[in-house]
Amino acid sequence: MDAGGCAARYRRPVPNTVPITLRDAAASDAAACAALYAPYVTGTAVSFEDVPPSDAEMARRIETYGASHAWLVAEADGVLVGYAYASPYRPRPAYRWTAETSVYLGLDAPRRTGAGRALYAALLERLTARGYRQVITGIALPNDASVGLHRALGFAEVGVERQVGWKLGAWHDLLRMQRALVPGTGAPDELR
Ligand SMILES: CC(C)(COP(=O)(O)OP(=O)(O)OC[C@H]1O[C@@H](n2cnc3c(N)ncnc32)[C@H](O)[C@@H]1OP(=O)(O)O)[C@@H](O)C(=O)NCCC(=O)NCCS
């Protein structure tokens, strides 16, 4: 067998067949979300935070953003394996129909099984129903998985902020990707 054929055949791991379920997060999910997120804070530049949020701070974020935007969790066999949420893009009032989105699977959770897409698609559906118009994300580069997921969900690159994050001994660029939730340029309805 030639190397190309072998690579093609084994390119993707065997999919994890455990079904995931999605639901709204509750404050009681804070410890699991904080534990999932902490290694991204301490060991990677995926997050530009440098101190992992406490369980109490994570509970505050879940309650705040769950109420104003959405915070969803994914579970497999009753274990929290990922979450996705949205928060205000910027504080000034004219930005209020634009949300900033993010998604995390556990560092050791299986990849490429559709969990990220399921979480994110549900998040976008929820934001659309609440009246949000635009979603924007910031991706510290490089991050092929996140860029690929956002492209797959209809986001387009709108610019790169150069060397805006210093973390783990290096400067990191931030790619901005954006997607409209509804077509058109008409005046927005009030958020629900
Ligand atoms: C980004 C992340 C959520 C993707 O989750 P996932 O469950 O592995 O992704 P999915 O299986 O739902 O993939 C959906 C699509 O995204 C794209 N995609 C996912 N991983 C990719 C990769 N490594 N390279 C290129 N495209 C990728 C593909 O189009 C994929 O569809 P396909 O598998 O049918 O080709 C996950 O890798 C993760 O949690 N990464 C660490 C945290 C992170 O970087 N979060 C984003 C912060 S900005």
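What you see is a predicted model; the values in this text were computed from it and never measured. In each ligand, atom 1 is the first atom listed, and ligand 1 is the first ligand listed.
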**Report entry** N/O separation below 3.5 Å, Asn143 to ligand 1
**Finding:** yes
Query raised in the report: Among Tyr37, Tyr40, Tyr104, which residue places a heavy atom closest to atom 41 (C) of ligand 1?
Result: Tyr40
Query raised in the report: Got a salt bridge between Glu157 and Arg176, using NZ or NE/NH1/NH2 to carboxylate O under 4.0 Å?
Result: no
Report summary line: So for Ala152 against ligand 1, with non-hydrogen atoms under 4.0 Å, the contacting part is side chain
Report task. Could you tell me whether Gly116 and ligand 1 have an N or O pair separated by under 3.5 Å? Result -> yes
**Report entry** Inter-residue atom distance Thr101.OG1 - Leu119.CG, 0.5 Å rounding
**Finding:** 12.0 Å
**Report entry** contact_flag Tyr120 ligand 1 heavy-atom lt 4.0 Å
**Finding:** no
Query raised in the report: Taking N or O atoms only and a 3.5 Å limit, does Arg117 qualify as a polar contact for ligand 1?
Result: yes
Query raised in the report: Can you list the atoms of ligand 1 that are under 4.0 Å from a heavy atom of Leu105?
Result: 5 (O), 6 (P), 7 (O), 39 (O)
Requested in this report: Side-chain contact test, heavy atoms from C-beta onward, threshold under 4.5 Å: evaluate it for Leu36 versus Leu80 and give yes or no.
Outcome: yes
Report task. Say whether Arg112, considering both its backbone and side-chain N or O atoms, lies within less than 3.5 Å of an N or O atom on ligand 1. Result -> yes
Requested in this report: Could you tell me whether Gly114 and ligand 1 have an N or O pair separated by under 3.5 Å?
Outcome: yes
Query raised in the report: With a 4.5 Å limit on heavy-atom distance, are the side chains of Leu72 and Tyr83 in contact?
Result: no
Report task. Decide whether an N or O pair under 3.5 Å exists between Thr113 and ligand 1. Result -> yes
Query raised in the report: If you measure every N/O of Val103 against every N/O of ligand 1, is any gap under 3.5 Å?
Result: yes
**Report entry** Nearest-0.5 Å distance that lies between atom CG in Asp55 and atom CD1 in Ile62
**Finding:** 9.5 Å
Requested in this report: Give yes or no for whether the N/O distance cutoff of 3.5 Å, strictly under, is met between Arg111 and ligand 1.
Outcome: yes
Query raised in the report: Say you draw a straight line from NE2 of His150 to CE of Met177; how long is it, rounded to the nearest 0.5 Å?
Result: 7.0 Å
Query raised in the report: If we only count heavy atoms from C-beta on, is the Tyr120 to Leu149 side-chain gap below 4.5 Å?
Result: yes
Query raised in the report: Between Arg61 and Glu49, is there a salt bridge with N-O shorter than 4.0 Å?
Result: yes
